[in-house]
Structures are given as C-alpha cells and as structure tokens.
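Could you have a look at this structure, given as structure tokens, before my questions?
In what follows, chains carry the letters A, B, and so on, assigned in the order in which the sequence lines appear, proteins first and then strands, with residues in each chain numbered from 1.
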Amino acid sequence: MPNANTREFLQGHPADVAPLLLGWRLATQMDGVLTEVVIEEVEAYASAADAASHSHRGPTMRNKPMYGPPGTLYVYLNYGMHYLMNVIVGLEETPHAVLLRGGTPLKGIEEMQRRRGRSDSLTSGPGRLTQALGVTLAHNDTSTLSGPVRLLPPLAEGFVPYLSTPRIGISKATELPWRFLALESGQD
DNA sequence: ACGAGGATGCTCT
DNA sequence: GAGCATCCTCGTC
C-alpha cells in the first residue's frame, strides 16, 4: 500500500507541503501514452482564509474537488483558454490546494511537443504544464494516488533546495510568499 | 530581454 | 457584467 504513505505525506498545511512536492513527479497515461515530469514550481492556496483561493467564499460547483481527500486533482479552465491543475492537500473537507506551475520533462517529450504544438517551452507555466501532460477537465476530481494522473515520489532521496516568492497572477493576498521554485530547475 | 495587447469563455455576484 | 491562479505574438530596445 505505497500510496498510504503519499496520502499521509500530503496531509499538512499547503504552505508546508507545497515545497516538499518539489522533486516529486507527475505522470499521466492517456490511451497508453505515457508522459512524466519532475515538479519544480508550485504555489500554495490555503483554504477559506486565503483571499486568493477559489475556496475563499466557500464551496461552489467549480471548487467541489477542493473538499475531497488529499491527493484529489482539481482542474479548472482559466481565462477561458487554459486548464490549470492543483493537487488537494491537508485533511478531507479542508480545501487546501497546491497549484502545479512548472517542471522538467522526463518521459514522453515527443508527445508533449505534439500536444503543445512546439518544441520548446513545454512545461514552464501552469497552463503549459497541464497541456503538455494532456490533463483536461476529464481528469478533474480524480485521485493522483490511483488515477490516470499520478503523483510519484522523487527519484532521488534528499532535500530539494528552493526559493519562495509571492504568488503570480493574483490580485488578492499578494504578500504571502507561497510560490516555491526549485533551485537548479531545468524547466522547459 | 522585455513589455503591451489581445484571445476567449466560464464562474459567481 | 466583472474578473479572472495564462499564453502567445509582435513591437521596441
């Protein structure tokens, strides 16, 4: 039951869990096609107390997956064009999320290039990352512990050094340093 | 390298 | 009707 460990790992506050996810991998398998990245940039969104979080004003139709168990995938359409994805963390019913913002391609790079329609800038940015991995609303509210979009532990043991900065592209709670970026990242 | 502007549609008030 | 957890292209330096 290796996923029991991952589930436990995700149960803390998002500002604590988010940097620990740096170095973890996200793998997708769609119609037998495998793609995988190393996660290198994330942001924490903390429940209703966080004015920038989709859960700030309580449960809605859109944010329902945020209230699921840790490991739940929350996908939504942003600016009418791009899908963005979060891994839900913390305890069930507590709408904590970690936005996946960037990484380095590890497997299925040709498939990522095909999905992106270009050969560079494959996985740097939340919309690009989601597109490169083929994640859509079809995967919303699935579990990253057992579904087609899977969170996998780091390949190497050890602490991943990181930098924290304010979050990007928001207009509320801009002072919180809840964007976490792996140093020595090879983001594309 | 960097900044401006446009694309585009859903969600919640 | 306002406001987006963005990305791309094209201008200028």
Could you check how far CD of A/Gln131 sits from C1' of C/dC8, rounded to whole Å?
12 Å

Check every strand shown and say whether A/Arg179 touches a base, only sugar-phosphate, or nothing at a heavy-atom separation below 4.0 Å.
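No contact.
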
For the residue pair A/Arg167 and A/Leu99, establish whether any side-chain heavy-atom pair is separated by less than 4.5 Å.
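In short, these two side chains do not touch, never coming nearer than 4.5 Å.
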
A/Glu41 CD to C/dA5 P, straight-line distance once rounded to whole Å:
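One finds 16 Å between P of C/dA5 and CD of A/Glu41, rounded.
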
Between A/Arg114 and A/Glu110, is there a side-chain N and carboxylate O pair less than 4.0 Å apart?
no

Give a yes/no on whether any side-chain N or O of A/His54 is located under 4.0 angstrom from OP1 or OP2 of C/dA5.
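Indeed, a polar side-chain atom of A/His54 lies that close.
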
If the cut-off is 4.0 Å, is A/Arg57 near the phosphate of C/dG3, judged by side-chain N/O to OP1 or OP2?
no

Is any side-chain N or O of A/Ser171 closer than 4.0 Å to OP1 or OP2 of C/dC4?
yes

How long is the line joining CE of A/Met66 and P of B/dT11, in whole Å?
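In whole Å, B/dT11 P lies 15 Å from A/Met66 CE.
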
Pair A/His96 + A/Trp178: ring centers closer than 6.0 Å
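They do not qualify: ring centres at least 6.0 Å apart.
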
Send over the distance from A/Tyr83 OH to C/dC4 C1', rounded to a whole Å.
16 Å

Grouping I, L, V, M, F, W and Y whenever their side-chain heavy atoms are under 4.5 Å apart, do A/Ile109 and A/Val38 come out in a common cluster?
no

Which atoms of nucleotides 5-10 of chain B (N or O only) lie under 3.5 Å from a protein N or O atom, and what are those distances?
unit_1 : atom_1 : unit_2  : atom_2 : d
B/dT8  : O2     : A/Tyr79 : O      : 2.5

Any A/Arg118 side-chain nitrogen or oxygen under 4.0 Å from OP1 or OP2 of C/dC7
no

Strand-adjacent residues in residues 99-117 of chain A, judged by heavy atoms under 4.0 Å from DNA chain C
A/Leu99, A/Arg101, A/Arg116

Taking the side chain from A/Gln113 and the backbone from A/Leu122, do they hold a donor-acceptor pair closer than 3.5 Å?
no

